[in-house]
Amino acid sequence: MASGSVIDPIHQFQIIKIVELGQPGGVELAFTNSAAFMFGIVALVFFFLTFATRGRTLVPGRLQSMAELSYEFVASTVRGSAGNEGMKFFPLVFSLFIFVLTANMVGMIPYAFTVTSHLIVTAALALLVILTVIIYGFVRHGTHFLHLFVPSGVPAFLLPFMVVIEVISFLSRPISLSLRLFANMLAGHIAMKVFAGFIVMMTASGVVGWFGAVLPLAMVVALTALEFLVAALQAYVFAVLTCIYLNDALHPGH
């Protein structure tokens, strides 16, 4: 979006109220474009998986193959990071992976809204993972779960310092998990918008500008390809880290 002659790369992340829901308890509630896209993403995933697996034929078609490949890809990721015991968390990991992947890809569509470029969304997903780890860890292991913060084989005089370091490391997990996804999607979209703005401004300056616009056009094409790769990679990284953190809930001992 441009305001006058100024390109505004941040405008694409603006939250827009669609329906105001009042202010119960002094808290403003509204159905926004972000919420609409999240509902749309969930619906898109639901209908795709339902339609793709409705036949369950012995020789799968293209859609069924895509659904089965996504299942096997996430299942192998869970087994590789958390073992066979980690498969009990497969529904959670698969849901997170497919939601983040779809949200990232939908955000690549022109004029679409990238929900994973907002920290509040990625932070909510990260908190869901960490709270699952904490709750399951205490429910299954009780106070033994606290051994996660007590490395074995550490001398007694170093133990208090190591415990503090382990606690800080654990508490930083949701921060790094949410910031990594948010920052990558935000930065990539801003970069594409900036170079796209250069194309508009240079082509508006006449014939000479048309030739000068070739370089930013090439950058936009390259950044678009890179952003598709980053979109898929960040969904995979989010799923892998989720599996690693869930493994701590399954095996809290060092």
Side-chain angles (χ1 to χ4, degrees), residues 32-57 60-109 112-133 136 173-174 176-186 188-189 224-247 249-250:
T32 65
N33 56 338
S34 179
F37 269 90
M38 283 190 279
F39 274 107
I41 290 165
V42 172
L44 179 63
V45 171
F46 173 79
F47 285 115
F48 166 72
L49 293 177
T50 302
F51 183 78
T53 59
R54 76 190 190 286
R56 298 181 184 179
T57 58
R62 293 178 181 177
L63 292 180
Q64 185 177 336
S65 295
M66 291 176 61
E68 291 179 356
L69 284 173
S70 63
Y71 175 94
E72 289 298 331
F73 178 75
V74 176
S76 63
T77 301
V78 174
R79 294 190 189 100
S81 302
N84 290 328
E85 194 177 0
M87 285 300 290
K88 63 180 63 179
F89 293 111
F90 173 81
L92 172 63
V93 179
F94 182 82
S95 298
L96 289 172
F97 171 77
I98 205 70
F99 175 83
V100 172
L101 178 63
T102 306
N104 291 350
M105 292 302 179
V106 168
M108 294 298 297
I109 300 173
F113 187 84
T114 311
V115 297
T116 48
S117 65
H118 279 257
L119 184 58
I120 187 63
V121 175
T122 59
L125 298 177
L127 285 174
L128 172 63
V129 173
I130 297 303
L131 288 177
T132 301
V133 171
Y136 182 85
R173 288 179 175 181
S176 63
L177 192 61
S178 57
L179 283 178
R180 182 181 292 103
L181 176 57
F182 150 75
N184 275 278
M185 300 311 299
L186 181 74
H189 281 64
T224 301
L226 178 62
E227 193 65 10
F228 272 111
L229 177 62
V230 170
L233 184 61
Q234 286 303 311
Y236 173 69
V237 170
F238 198 95
V240 169
L241 290 177
T242 298
C243 293
I244 293 173
Y245 298 157
L246 290 171
N247 184 56
L250 295 168

Exercise for the section: Measure from the ring center of Phe94 to the ring center of Phe90 and say whether it is less than 6.0 Å. Expected result: yes
Problem - For the student: nearest non-hydrogen atoms of Leu63 and Ala52, plus distance - result: O-CB, 3.4 Å
Exercise for the section: Evaluate the side-chain contact (heavy atoms from CB on, under 4.5 Å) criterion for residues Leu128 and Leu92: first the C-alpha distance (whole Å), next the side-chain angles of each, then the deciding distance (0.1 Å), finally the verdict. Expected result: CA-CA 10 Å; Leu128 172 63; Leu92 172 63; 4.0 Å; yes
Handout entry: Intermediate values then yes/no, side-chain contact (heavy atoms from CB on, under 4.5 Å), His118 and Met185
Key = CA-CA 9 Å; His118 279 257; Met185 300 311 299; over 6 Å; no
Handout entry: Spacing of CD1 belonging to Ile130 relative to CG belonging to Leu246, to within rounding of 0.5 Å
Key = 8.5 Å
Handout entry: Ile120 atom CD1, over 12 foreign heavy atoms within 6.0 Å
Key = no
Exercise for the section: Quick one: closest heavy-atom pair of Ala103 and Thr116, and the distance? Expected result: CB-CG2, 4.0 Å
Exercise for the section: Report yes if some heavy atom in the side chain of Pro174 is under 4.5 Å from a heavy atom in the side chain of Val129; otherwise report no. Expected result: no
Exercise for the section: Would you name the heavy atoms of Tyr245 and Val133 that are closest together and state the gap between them? Expected result: O-CG2, 3.5 Å
Exercise for the section: Identify the two heavy atoms, one from Glu227 and one from Gly188, that lie closest to each other, and give their separation to 0.1 Å. Expected result: OE1-CA, 3.3 Å
Handout entry: Nearest-0.5 Å distance, OG1 of residue Thr102 to CZ of residue Phe48
Key = 9.0 Å
Practice task
For residues Val93 and Thr77, determine if any side-chain heavy atom of one lies less than 4.5 Å from a side-chain heavy atom of the other.
Solution key: no
Exercise for the section: Please determine which of Tyr71, Phe238, Tyr236, Phe73 meets the ring pair (Phe, Tyr, Trp, His ring centres under 6.0 Å) test together with Phe97. Expected result: Phe73
Practice task
May I ask you to decide if Arg173's main-chain N or O and Ser176's side chain share a donor-acceptor pair within less than 3.5 Å?
Solution key: yes
Handout entry: Plane angle bin for Tyr136 and Phe89 - parallel if under 30°, tilted between 30 and 60°, otherwise perpendicular
Key = perpendicular
Exercise for the section: Give a yes or no on whether the backbone of Leu186 and the side-chain of Ser117 come within a donor-acceptor separation of less than 3.5 Å. Expected result: no
Fill in the blank from the handout: Between the CG atom in Leu49 and the CD atom in Glu68, the distance rounded to the nearest 0.5 Å is 11.5 Å
Problem - Check against side-chain contact (heavy atoms from CB on, under 4.5 Å), Leu177 and Leu181 - result: CA-CA 7 Å; Leu177 192 61; Leu181 176 57; over 6 Å; no
Exercise for the section: Compare all side-chain heavy atoms of Val240 with those of Ser81 and state whether any distance is below 4.5 angstrom. Expected result: yes
Fill in the blank from the handout: What one should report as the nearest heavy-atom pair of Ala67 and Thr53 is CB-CG2, 4.0 Å
Practice task
Report the distance from atom CG of Asn184 to atom OG1 of Thr122, rounding to the nearest 0.5 Å.
Solution key: 11.0 Å
Exercise for the section: For residues Gly86 and Leu250, report the shortest heavy-atom separation together with the two atoms involved. Expected result: CA-CD1, 3.6 Å
Problem - Distance (rounded to the nearest 0.5 Å) between Leu233 CG and Phe228 CZ - result: 15.0 Å
Practice task
Measure the spacing between CG of Leu229 and CD of Gln234 and express it to the nearest 0.5 Å.
Solution key: 10.0 Å
